[in-house]
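From a predicted model like this one, the values you see are computed outputs, not experimental measurements.
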Amino acid sequence: MTSTEPTGPRRSPKSSNRATLLELFFDVFYVAMFAQLSMQFARNPSWGGLGQTLILLLAAWWTWSTTVNATEFYDPQLRAVQAVVAGTVFGVALMAVAVPAAYGGRGLLFAGAHVGIHLLRGSLLIVALRPRRAHAREERVLFWFVLSGILWLAGGFAGPAWRTGLWAGAITVDYLAAGLRYPTPRRGRLPITRLTTHFGERYQQIAILALGELALMSTLIFSRASYTPARAVAFLAAIVTALLFWQIYVLQSNKLVDRSAHLRPHASILLAPYVYAFVVTGIIATSGGVDLVLHEPQGTAPASWVALLAVGPVLYVLGRMSSEYVLLGQLPPSRLAWLALLLASTPLLTMLPPWLVMIVTVAVLVGITITDVRRLRRAALAD
């Protein structure tokens, strides 16, 4: 963590868009976090359990997103920024350990680690930036994390009956405060600043890591399970799903990164955490559904399993479409039609075996990919 102290706190627009080695090390811990969350979806696939795991996922995602905002806004060579990332690594590890029993005996561990990450980041940056009179930004953010932290910690101390509601309220405060740009008494709202291409690259990296988790968990589960034809088909469908997710993601990805940094920076910095919340949630939910199917591919698929296997891809595609709409002005009717077809078919999917539900989902993703390629070819010929 040694470095040469820069002359100013702001990240230079001319700096490299590549993540530092410490940032990449930080992302590695999110592979473990995503794996824990996908397994948690599979451990408790009841409707209540899915909602509880979603809260944990949104909390984990917000920790990643706010940390990336700090490394985007401030010079990564600042010792305070490096300390923030290193401390967040430790906190994320504790959160990941707590996930399986977050609504049991480890609730306070999860809440304490989550709150500690945000308080540490705000406190370190305020102290480091105060001599340069650049600390007002972090004071606004810290103010709101203190408010939500009260709910997080209260939920950690409370019993399971109260914990879900308190944590749902806390995550709502976190997301709403950021969307409103952290309005703070006597400080006002956060100003919107210009992005570097580092911002888009970091979000691309975490999306690819999430896709890697889907492939990794599918491979590990299948390798340990006894062989059956239905299980083998489900495994192949999981790998094809990951590939199709990747294809949908990389389509026009370079153009999206460029526009996020140069043409629509304000919209990008405000919307990226929310848009990618859909993307990451869709991947992890799908991974949890795959986990269930690989363990029990036969029988009929419960409605909550169908929610993971079908709604997961819908969330993923909607998240990607949101980026394309905001940055490129594109809202392909073909994608909407495919997603509507998949959602409309969910009552029928509950009458099918789980492995066949995965095949139907793959077919819809194939349809989206084919129509996307044709649409872009027509657009290229028209130009």
Answer yes if the side chains of Glu138 and Tyr74 hold a donor-acceptor pair under 3.5 Å, and no otherwise. yes
Which side-chain N or O atoms in residues 305-312 pair as donor and acceptor under 3.5 Å with protein atoms at least two apart or in another chain?
none

For a 4.5 angstrom cut-off between non-hydrogen side-chain atoms, does Ser304 reach Leu50? yes
Can you find a pair of side-chain heavy atoms, one from Leu56 and one from Gln36, that are under 4.5 Å apart? no
Is it true that a side-chain atom of Glu213 and a backbone atom of Val31 form a donor plus acceptor pair closer than 3.5 Å? no
Is any side-chain heavy atom of Leu24 closer than 4.5 Å to one of Gln205? yes
Out of curiosity, Ser322 OG to Leu331 CG, how far, rounded to the nearest 0.5 Å? 8.5 Å
For residues 85-105, which residue pairs pass the ring pair (Phe, Tyr, Trp, His ring centres under 6.0 Å) check, not counting sequence neighbours? Tyr103-Trp167
Name all residues meeting the salt bridge (Lys or Arg N to Asp or Glu O under 4.0 Å) criterion together with Arg335; count only those two or more places apart in sequence or in a different chain, and write none if there are none. Glu324, Asp372
Decide whether Thr164 and Gln52 meet the rule of one side-chain donor and one side-chain acceptor closer than 3.5 Å. yes
Suppose clustering is done on Ile, Leu, Val, Met, Phe, Trp and Tyr with side-chain heavy atoms closer than 4.5 Å. Which residues sit in the same group as Met351? Leu348
Report yes if the side chains of Glu296 and Pro354 come closer than 4.5 Å at any heavy-atom pair, otherwise no. no
Interatomic spacing from OH in Tyr203 to CD in Glu72 - rounded to 0.5 Å: 9.5 Å
Aromatic ring pairing Phe110/His114, orientation class (parallel under 30°, perpendicular over 60°, tilted between): parallel
What is the distance from atom CZ of Arg79 to atom CG of Leu124, rounded to the nearest 0.5 Å? 13.5 Å
Does Arg320 make a cation-pi contact with Tyr249 (under 6.0 Å, within 45 degrees of the axis)? yes
Looking only at the side chains, is there a donor atom on one of Thr71 and Glu23 sitting less than 3.5 Å from an acceptor on the other? yes
Considering all heavy atoms, the nearest Thr371-Ser334 contact: OG1-OG, 3.8 Å
Residue pair Ala158 / Trp162: nearest heavy atoms and the distance that separates them: CB-CB, 3.8 Å
Test your reading of the model: is there a side-chain donor-acceptor pair from Arg163 to the backbone of Gly155, 3.5 Å cut-off? yes
So, do Gln77 and Gln82 sit near enough that their side-chain heavy atoms are less than 4.5 Å apart? yes
Does Phe26 have any side chain to side chain contact (heavy atoms under 4.5 Å, CB included) partners at least two apart in sequence or in another chain, and if so, which? Tyr30, Trp64, Thr67, Val85, Thr88, Val89, Val92, Arg202
ILVMFWY cluster, Leu109 and Ile171 together (side-chain gap under 4.5 Å): no
Which heavy atom in Ile284 sits nearest to a heavy atom in Ser38, and how many Å separate them? CG2-N, 3.6 Å
Do Leu142 and Leu180 sit in one hydrophobic cluster, given that two such residues count as connected whenever their side-chain heavy atoms are within less than 4.5 Å of each other, even indirectly? no
Mind checking the CE-CZ spacing from Met217 to Phe34? Nearest 0.5 Å is all I need. 13.5 Å
How close do Leu94 and Ala113 get, heavy atom to heavy atom, and via which atoms? CB-CB, 3.8 Å
From OG1 (Thr172) to CG (Leu58), nearest 0.5 Å: 9.0 Å
Would you say that Leu125 contacts Val84 through its side chain, given a criterion of any heavy-atom pair below 4.5 Å between the two side chains? yes
Is it the case that Tyr276 and Ser323 place a side-chain donor and acceptor less than 3.5 Å from each other? no
Give the ring-plane orientation class for Tyr316 versus Phe245, where under 30° counts as parallel, over 60° as perpendicular and anything between as tilted. parallel
Give, for atom CZ of Phe278 and atom CH2 of Trp61, the distance between the pair rounded to the nearest 0.5 Å. 12.5 Å
Mind checking whether Tyr175 and Pro273 have side chains closer than 4.5 Å, heavy atoms only? no
Side chain to side chain contact (heavy atoms under 4.5 Å, CB included) between Phe235 and Trp355, intermediate numbers included: CA-CA 9 Å; Phe235 170 69; Trp355 67 269; over 6 Å; no
Does Val28 have any side chain to side chain contact (heavy atoms under 4.5 Å, CB included) partners at least two apart in sequence or in another chain, and if so, which? none
Testing the basics here: between Leu37 and Thr53, what is the closest heavy-atom pair and its distance to 0.1 Å? O-CG2, 3.7 Å
